[in-house]
Amino acid sequence: MTTGAAVFTAASAVLVLAGAAHRRAAVALVKPIPMLILGARVVHGLRRRRPVDTALLIGAVAFSMTGDRMMYAEEFASDPEVADRRLRDGALAFTAAHLCYLTLARRRGGRVTRSGLLRRAPVLIETSAVVAVRRPEILPVLSGYGPTLASMSAMAATVPACRPGGALFLVSDAVLINRRHLLRGRRARGAAEAVVLSTYCAAQWWLATGLDPACPGWSV
């Protein structure tokens, strides 16, 4: 394991433990660190990739960090209007991040297949049903996000170097929605949060490294 991977793993582990223990302040403090590590990695490989690939990687990291911030603010907002605004902004930011990864995957030879989308459809249907029952007013906000995530996930699965990344992102989002709207017990919510954060960090690592032309195995 490289130094960067070890630091990323350590930061992710601290984040997961903080989330499982319901340490909101610690989560807010640590959450940006894994993405900052990925951002530093992108900058480090600046000379070994085309500018467009660097721009897409930086976009994916920056939009993800923005989405993280907005979603965290939405979950704990006391004003419903503020919460809805933060949710909309977070969904837009993550949609942009997924489009960056989608474009990178396409540049690496990935493609969206019908079978890939069909395998992801049950997850999207289940989470959409949960939102429709528990918080139907936000369905329009998420209408563009779900298909973009499914397309990114399906395309990433056809690029060997980042194959698990898209699926892990889909799992993270699905568990997040179920945790927010269905789980009530403190222990169950803590366990679900650990799953959300661990799969999210793993997904970002697989996507940001597996789609990076500067990584060994890619030809710039």
Side-chain angles (χ1 to χ4, degrees), residues 1-2 4-13 15-16 19 31-42 44-45 49 52-68 71 90-91 93-113 115-124 127 145-177 194-218:
M1 180 181 290
T2 65
V7 175
F8 182 90
T9 300
S12 299
L15 175 62
V16 170
K31 187 72 180 285
I33 295 178
M35 297 309 296
L36 287 172
I37 294 169
L38 289 177
R41 189 182 175 284
V42 172
H44 181 70
R49 68 174 80 87
V52 64
D53 292 312
T54 294
L56 288 167
L57 284 166
I58 290 175
V61 171
F63 284 127
S64 293
M65 292 181 69
T66 301
D68 282 338
M71 291 299 191
F94 272 117
T95 297
H98 293 327
L99 287 172
C100 289
Y101 282 138
L102 188 68
T103 305
L104 282 163
R106 181 62 180 169
R107 289 172 63 80
R108 305 277 77 77
R111 66 192 187 281
V112 177
T113 64
S115 61
L117 290 175
L118 288 175
R119 284 195 294 270
R120 285 152 181 81
V123 177
L124 293 180
T127 52
Y145 175 77
T148 305
L149 171 59
S151 298
M152 183 278 289
S153 178
M155 186 176 285
T158 67
V159 181
C162 72
R163 184 167 291 154
L168 287 169
F169 220 120
L170 197 65
V171 169
S172 181
D173 277 15
V175 177
L176 171 64
I177 290 173
V195 173
V196 169
L197 293 171
S198 59
T199 51
Y200 174 76
C201 290
Q204 291 284 13
W205 175 265
W206 278 103
L207 291 167
T209 60
L211 295 174
D212 186 355
C215 281
W218 288 124

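What you see is a predicted model; the values in this text were computed from it and never measured.
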### Query
What residues, two or more places apart in sequence or in another chain, satisfy side chain to side chain contact (heavy atoms under 4.5 Å, CB included) together with I177?
T127, V130, V131, H181
### Message
L124: which residues meet the side chain to side chain contact (heavy atoms under 4.5 Å, CB included) condition with it, sequence neighbours left out?
### Response
A150, L170
### Heavy-atom side-chain contact between L176 and Y200 under 4.5 Å
no
### Message
The criterion is side chain to side chain contact (heavy atoms under 4.5 Å, CB included); which residues satisfy it with V42, sequence neighbours excluded?
### Response
R49, T54, L57, I58
### For R106, salt bridge (Lys or Arg N to Asp or Glu O under 4.0 Å) partners two or more places apart
none
### Message
Please find the pair of heavy atoms, one from M155 and one from G110, that lie closest to each other, and give the distance.
### Response
CG-C, 3.6 Å
### Task
Could you tell me whether the side chain of S64 and the main chain of A60 form a donor-acceptor pair under 3.5 Å?
yes
### Query
Between A156 and L207, which heavy-atom pair has the shortest distance, and what is it?
CB-CD2, 3.9 Å
### Pairwise distance CG(L38) to OG1(T209) - rounded to 0.5 angstrom
7.5 Å
### Query
Which heavy atom in V195 sits nearest to a heavy atom in T199, and how many Å separate them?
O-OG1, 2.6 Å
### Summary
Nearest heavy-atom contact between D212 and A208 is CB-O, 3.3 Å
### Query
Has the side chain of S153 got a donor or acceptor atom that lies under 3.5 Å from a matching backbone atom of L149?
no
### Query
Can you tell me how far CZ of F94 sits from CG of L99, rounded to the nearest 0.5 angstrom?
13.0 Å
### Message
How long is the straight-line distance from CH2 of W205 back to CD1 of I37, given to the nearest 0.5 Å?
### Response
8.5 Å
### Query
Between Y145 and H98, what is the ring plane arrangement, given parallel below 30°, perpendicular above 60°, and tilted in between?
tilted
#### Entry: Partners meeting side chain to side chain donor-acceptor pair (under 3.5 Å) with T158 (sequence neighbours left out)
none
### Query
Among all residues two or more places apart in sequence or in another chain, which pass the side chain to side chain contact (heavy atoms under 4.5 Å, CB included) test with A167?
none
### Message
Just so I know, are the side chains of P34 and Q204 near enough to count as touching, which here means a heavy-atom distance under 4.5 Å?
### Response
no
### Rounded distance (nearest 0.5 Å) linking atom CG of L102 with atom CG of L211
10.0 Å
### Summary
Residues A202 and L168: closest non-hydrogen pair is CB-CD1, 3.8 Å
### Closest non-hydrogen atom pair, A105 against V159
O-CG2, 3.9 Å
### 4.5 Å side-chain heavy-atom contact, D53 and R108
yes
### Message
Any heavy-atom pair between the side chains of C201 and L15 that's under 4.5 Å?
### Response
yes
#### Entry: Nearest-0.5 Å distance, NZ of residue K31 to OG of residue S12
10.5 Å
